[in-house]
Amino acid sequence: MGGISTPETHATQWTDSAVLPPFANKNVPVFDVQSTDLICRSPDMTFEAKPFEIEAGKNIRLTWASDPETWPFADVQPKGPCAFWLAPVSSKGVGKVWSKIYEYTNNGKDDDIKWCSDAIAANKGFYDILIPSGIAKGTYILRSEIIDIRDASVSNYNDFSMGPRFHSNCLLLEITGTGTTPLKSPVSILEVYKPYYKKPLLPKTVKNGEFKLPGPSPYPPAKP
């Protein structure tokens with residue numbers, strides 16, 4: 001499968017043939033942090049899609065809109081942080097197999113706070129992330145998520161219409177190159193978010209943009 005080179009960002013844009021089912025706008029957002037749908041929005045992990053080939057150390061351009069003019073993808077744009085994870089395809093995303101490779105919460109400002117979702121919206125639904133250099137070549141699942149936190153100062157223990165809303169999706173990557181480094185500090189997506197079934201994800205007050213995403217720090221530190 002070919003990609004679209006964008007010289008100004010040196011990113012490569014994936015196409016829909018690399019996305020796992022379900023496709024855009026289905027089973028989204030996911031509210032239940034105990035559901036396996038939290039991982040890739042689908043119990044179908046057969047991976048019939050053809051992997052998208054990218055070299056370690058290169059940027060990949062992800063999109064949340066099939067047409068930039070249609071962003072945001074729904075009547076209401078999600079508002080919150082984002083995170084990106086990798087897992088070996090052989091794992092089918094189950095268990096302690098996910099390593100976080102990038103995250104962005106907000107700009108750290110109190111008076112004009114801008115979240116990762118705002119950065120995506122400002123770029124018409126596109127966002128570039130770096131695939132870690134040196135990572136062992138092979139086939140991986142790339143999981144992206146935007147967490148809508150507007151109602152995340154309460155849990156959804158008693159009301160599934162409240163709490164954080166997870167806009168996640170997965171696609172297959174065939175990472176090439178000469179790297180041999182395995183993924184570091186793998187965790188279970190369900191275990192990372194399990195505590196927030198009964199307790200709020202978001203503090204009542206976010207001062208100076210201070211908000212830490214659950215789970216490990218990204219490995220290695222990667223900038224878009």
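Keep in mind it's a predicted model, so treat the numbers as computed, not measured.
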Non-hydrogen atoms of [X] and [Y] that approach each other most closely:
X: Glu53; Y: Thr176; value: CG-CG2, 3.6 Å
X: Tyr127; Y: Tyr102; value: OH-OH, 2.9 Å
X: Ala56; Y: Pro132; value: CB-O, 3.4 Å
X: Ile135; Y: Leu86; value: CD1-CD1, 3.7 Å

Short question: side chain of [X], backbone of [Y] - any donor-acceptor pair under 3.5 Å?
X: Ser99; Y: Leu183; value: no
X: Arg165; Y: Phe31; value: no
X: Lys96; Y: Pro186; value: no
X: Ser91; Y: Pro88; value: yes
X: Asn123; Y: Ile120; value: no
X: Asn106; Y: Ile113; value: no

Check residues 139-146 and write down every donor-acceptor pair under 3.5 Å in which the side-chain atom is one partner and the other belongs to a residue at least two apart or another chain.
residue, atom, partner, partner atom, Å
Thr139, OG1, Glu174, OE1, 2.4
Tyr140, OH, Ala136, O, 2.6
Arg143, NE, Ile39, O, 2.6
Arg143, NH1, Glu145, OE1, 2.7
Arg143, NH2, Leu38, O, 2.8
Arg143, NH2, Glu145, OE1, 2.8
Glu145, OE2, Trp85, NE1, 3.4
Glu145, OE2, Tyr193, OH, 2.5

Handout entry: Contacts of Ser217 that satisfy side-chain hydrogen bond (donor to acceptor under 3.5 Å, both in side chains) - sequence neighbours left out
Key = none
Validation row: [X], [Y] side chains within 4.5 angstrom (heavy atoms):
X: Phe84; Y: Leu62; answer: yes
X: Ile147; Y: Leu213; answer: yes
X: Ile60; Y: Leu173; answer: yes
X: Asp118; Y: Asn107; answer: no
X: Asp148; Y: His167; answer: yes

Exercise for the section: Tell me, please, which residues at least two apart from Lys137 pass salt bridge (Lys or Arg N to Asp or Glu O under 4.0 Å). Expected result: none
Handout entry: OH on Tyr104 to NZ on Lys114, rounded to 0.5 Å
Key = 10.5 Å
Problem - CZ-CG distance between Phe52 and Leu172, expressed to the nearest 0.5 angstrom - result: 12.0 Å
Handout entry: Check ion pair Arg61-Asp128 (N to O, under 4.0 angstrom)
Key = yes
Exercise for the section: Step by step, work out the side-chain contact (heavy atoms from CB on, under 4.5 Å) result for Arg41 and Val30. Expected result: CA-CA 7 Å; Arg41 287 200 283 122; Val30 174; 4.0 Å; yes
